[in-house]
Undergrad: 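Have a look at this one before I ask anything.
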Amino acid sequence: MSEQIYPELHFPNITELDLRLASYYFPILTEIAKRKPSQTITYGDLLREARQRHPEYFHDEEGKQRESDYSTGRRLGTIWRFTEKYGYPIISTLVVNATTGEL
């Protein structure tokens, strides 16, 4: 159970890339949390929203996608570590799997 909750067990070293992408996702999640606390967003929708807001980052000159749903989980772990450290609500739990509706 604790392996599912604590992202540092899976991603112990936060990188500059983790921080950059977490900084793109964090405002999106706080906006969702302010609208309706029980509202969620899928990994895919979070990526689409971040791509719209930061197209200069998410596509290289050949138009290839840089971020995937899997690596998004790593960035959410970065957000979780930040919110947990400061006693903030864990807004990364607003992101769910589109198929199962689970975290």
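Only heavy atoms go into these numbers, but all of them, side chains included; no hydrogens, no water, no symmetry mates. Numbering of residues begins at 1 and proceeds along the displayed sequence. Model, not experiment: these values are computed from the prediction.
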Undergrad: Picking from Leu17, Leu19, Thr15, what satisfies side chain to side chain contact (heavy atoms under 4.5 Å, CB included) with Thr78?
TA: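 It is Leu19; the other options fail the test.
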
Undergrad: Got Ile32 and Arg35 here, is their nearest side-chain heavy-atom distance under 4.5 Å?
TA: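 Heavy-atom side-chain distance check passes, below 4.5 Å.
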
Undergrad: Listed by chain and number, what are the side chain to side chain donor-acceptor pair (under 3.5 Å) partners of Arg48, not counting sequence neighbours?
TA: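 Listed in chain order: Asp45.
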
Undergrad: Report all side-chain donor-acceptor pairs from residues 85-98 shorter than 3.5 Å, counting only partners two or more places apart or in another chain.
TA:
unit_1 : atom_1 : unit_2 : atom_2 : d
Thr93  : OG1    : Ile90  : O      : 2.7
Asn97  : OD1    : Thr99  : N      : 2.7
Asn97  : OD1    : Thr100 : N      : 2.9

Undergrad: What's the shortest heavy-atom distance between Asp18 and Asn13, and which atoms?
TA: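 Closest approach of Asp18 to Asn13: OD2-O, 3.7 Å.
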
Undergrad: Report the distance from atom OG1 of Thr40 to atom CD of Glu102, rounding to the nearest 0.5 Å.
TA: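 Rounded to the nearest 0.5 Å, the OG1-CD separation comes out at 12.0 Å.
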
Undergrad: If the condition is side chain to side chain donor-acceptor pair (under 3.5 Å), which residues does Ser23 pass it with, not counting sequence neighbours?
TA: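 Result, side chain to side chain donor-acceptor pair (under 3.5 Å) vs Ser23: none returned.
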
Undergrad: Please verify the inter-ring angle class for Tyr24 with His54; under 30° counts as parallel, over 60° as perpendicular, anything in between as tilted.
TA: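 If you compare the ring of Tyr24 with that of His54, the planes turn out parallel.
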
Undergrad: Hey, are Arg53 and Glu31 close enough for a salt bridge, meaning a charged N less than 4.0 Å from a carboxylate O?
TA: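 Salt bridge between Arg53 and Glu31, a charged N being under 4.0 Å from a carboxylate O: yes.
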
Undergrad: Is there side-chain contact between Ile79 and Thr83, with at least one heavy-atom pair below 4.5 Å?
TA: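 Counting from C-beta outward, Ile79 and Thr83 do come under 4.5 Å.
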
Undergrad: Where do Tyr25 and Leu21 land on the side-chain contact (heavy atoms from CB on, under 4.5 Å) test, with the steps shown first?
TA: CA-CA 6 Å; Tyr25 299 150; Leu21 290 167; 4.3 Å; yes

Undergrad: If I take atom CG from residue Leu29 and atom CG from residue Leu46, how far apart are they, to the nearest 0.5 angstrom?
TA: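 Result: 5.5 Å between the selected atoms.
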
Undergrad: Distance from Tyr57 atom OH to Arg51 atom CZ, nearest 0.5 Å?
TA: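 Reported to 0.5 Å precision, the distance equals 11.0 Å.
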
